[in-house]
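This report concerns only the one structure given below.
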Protein chains: 2
Amino acid sequence: MSKTKPLFPLVTVDIALFTIDGGELKVLLTKRSNVPFKGCWSLPGGVLDPAVDDNLLAAANRVMLTKLGLTLPHMEEISSASGATRDPRGWSISMTYLALLPMDQIHAIAGKKVDEIEWANIRERRRKLAFDHSGLLDQALEQLRRKVLANVLPLHMLPQKFTLTQLQRTIETITGMPLEKSAFRRRLKDQHASDLEAVPGEYERGVQRPAQLWRATKDYRFH
Amino acid sequence: MSKTKPLFPLVTVDIALFTIDGGELKVLLTKRSNVPFKGCWSLPGGVLDPAVDDNLLAAANRVMLTKLGLTLPHMEEISSASGATRDPRGWSISMTYLALLPMDQIHAIAGKKVDEIEWANIRERRRKLAFDHSGLLDQALEQLRRKVLANVLPLHMLPQKFTLTQLQRTIETITGMPLEKSAFRRRLKDQHASDLEAVPGEYERGVQRPAQLWRATKDYRFH
DNA sequence: TCAATAGTGTCTCTTAGACAATATTGA
DNA sequence: TCAATATTGTCTAAGAGACACTATTGA
């Protein structure tokens with residue numbers, strides 16, 4: 001470690017990383033290998049290292065890369081949690097981040113897998129997490145749903161090339177609300193012309209009419 | 001001061017406090033009386049004191065109370081700013097808060113007025129602020145406008161009792177967009193029945209038909 | 001031909017904007 | 001009565017949901 005001075009207050013970053021797997025919304029959890037809360041499940045996270053982190057967002061990206069080998073297409077600050085009692089080690093600040101992983105990279109986790117990991121189904125979330133992570137996860141999930149309901153496209157959860165039906169299913173899975181196919185596509189044409197582009201001549205085939213493949217335009221952001 | 005240990009990283013809170021004055025949106029600025037950026041204008045703020053602050057939100061409220069004598073009806077976390085270079089004193093974290101002051105309390109500022117203060121007109125904002133506060137103010141302002149445009153009522157900027165026209169003018173001032181009186185009132189009736197209540201028998205009088213006075217319902221939150 | 005899903009068209013209903021009409025006061 | 005602003009009503013246009021229709025493939 002490159003830490004030189006002890007941190008006071010203790011500053012950590014915690015990441016709620018979501019993806020879609022088997023038509024279900026999942027979040028990545030890690031089992032803690034150290035005290036406090038050793039053996040408990042928690043959001044993946046780590047301690048700020050001022051010697052190497054340019055800022056807190058960079059710290060979140062570093063943690064996901066070094067601990068899990070992941071470079072994530074979206075990382076967004078959600079909120080802080082702070083106080084003297086939320087971490088037994090003392091007065092602490094945690095910044096929570098919302099991150100998205102493309103569904104075809106769900107098995108890309110490599111890195112120094114010091115911790116046991118699990119993709120937990122959001123709908124079955126009854127497990128109590130370490131620290132105040134249950135609440136942090138709730139906030140990140142709420143923000144994800146709010147944005148998708150507000151018509152922001154979660155393209156970073158899809159493969160590079162995808163069909164419009166895949167996109168529709170992804171949104172339905174996140175929000176829990178069914179979409180009308182016709183109205184959904186009308187909205188894409190009217191309001192997302194600059195977000196999506198058809199991949200010329202590429203189609204997904206099956207026992208049906210081939211489906212046009214689409215991709216996010218360059219520099220698309222989940223904003 | 002009750003600080004016992006020096007902070008590392010340095011943790012501060014900065015508050016973008018908005019109100020309406022003379023039909024204009026204003027933000028409270030303070031002139032810094034200490035280094036760094038001595039003599040520069042900045043958002044009011046202060047350093048976290050883990051010995052007395054329950055959390056960062058409490059720190060923001062304490063700073064506004066002790067430095068300016070204000071107890072604010074709304075205080076909301078916006079975002080963090082962090083890094084090694086944004087404050088010459090070293091690696092720092094600042095949490096920005098959005099706060100609202102009722103327009104009839106614009107002169108309520110008392111407290112230990114160690115700093116010179118000014119209500120700066122948002123539309124004339126060309127002044128460069130200390131640290132990265134210009135950007136922080138932009139973010140807070142954007143969030144305020146986003147919420148008001150998304151139909152959240154800024155009741156905390158109005159007096160306890162107000163007319164619907166006052167509310168309409170307030171919203172128009174924040175967003176910069178004119179509202180249709182009829183459609184606006186229809187929206188209030190349809191979507192804000194639980195946010196507003198008429199004050200029975202109380203009217204604002206003038207050279208015109210008296211205007212019903214309204215108040216925010218108990219526990220109304222700007223959310 | 002049929003099952004299956006892609007993709008499009010159309011009808012209707014709701015909602016929001018535009019604008020007009022009525023209401024009530026002080027001067 | 002008039003000026004001024006509060007409050008309400010109505011017409012219309014745009015957008016969204018419901019639903020049906022057509023298109024294209026593999027089996």
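Basis for what follows: all heavy atoms, side chains included, without hydrogens, waters or symmetry-related copies. Throughout, protein chains are lettered first and strands after them, A, B, ... in sequence-line order, and every chain is numbered starting at 1.
Going from atom CZ of B:R185 over to atom P of C:dG17 covers 16 Å, rounded to whole Å. Regarding A:E204, its CD atom lies at a distance of 15 Å from the C1' atom of C:dG7, rounded to whole Å. Going from atom CE of A:M177 over to atom P of D:dA16 covers 15 Å, rounded to whole Å. As a whole-Å value, the separation of B:K189 NZ from C:dT14 C1' is 19 Å. Note: CD (A:Q166) to C1' (C:dG7) measures 16 Å, nearest angstrom. Nucleotide C:dA16 holds its P atom 12 Å from the CG atom of B:L179, rounded to whole Å. Atom P of nucleotide C:dT8 and atom CZ of A:F184 are separated by 13 Å, given to the nearest angstrom. For B:Q212 and D:dT5, the CD to C1' distance is 15 Å, given to the nearest whole Å.
Classification of the A:F222-A:H156 ring pair by plane angle, with boundaries at 30° and 60°, yields perpendicular.
Checking A:T96 against A:Q139 by side-chain atom types alone, no donor-acceptor pair falls below 3.5 Å. Neither side chain, A:Q166 nor A:R169, offers a donor N or O lying under 3.5 Å from an acceptor on the other.
For the pair B:R186 and A:R186, nearest-nucleotide mapping onto DNA chain D gives the more 5' position to B:R186.
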A correct 5'-to-3' footprint of nucleotides 19-27 of chain D, with B, S and - meaning base, sugar-phosphate only and no protein heavy atom under 4.0 Å, is B---BBBB-
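B:Q191 comes within 4.0 angstrom of sugar-phosphate atoms only, judged by non-hydrogen atoms across all strands, and of no base.
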Intermediate values then yes/no, salt bridge (Lys or Arg N to Asp or Glu O under 4.0 Å), A:E118 and A:R127 = CA-CA 12 Å; A:E118 177 183 330; A:R127 186 185 297 152; 3.3 Å; yes
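The two residues B:E172 and B:L179 come nearest to each other via the heavy atoms OE2-N, 2.8 Å.
Taking a 6.0 Å sphere around NE2 of B:H223, one finds it holds more than 12 heavy atoms contributed by other residues, nucleotides or ligands.
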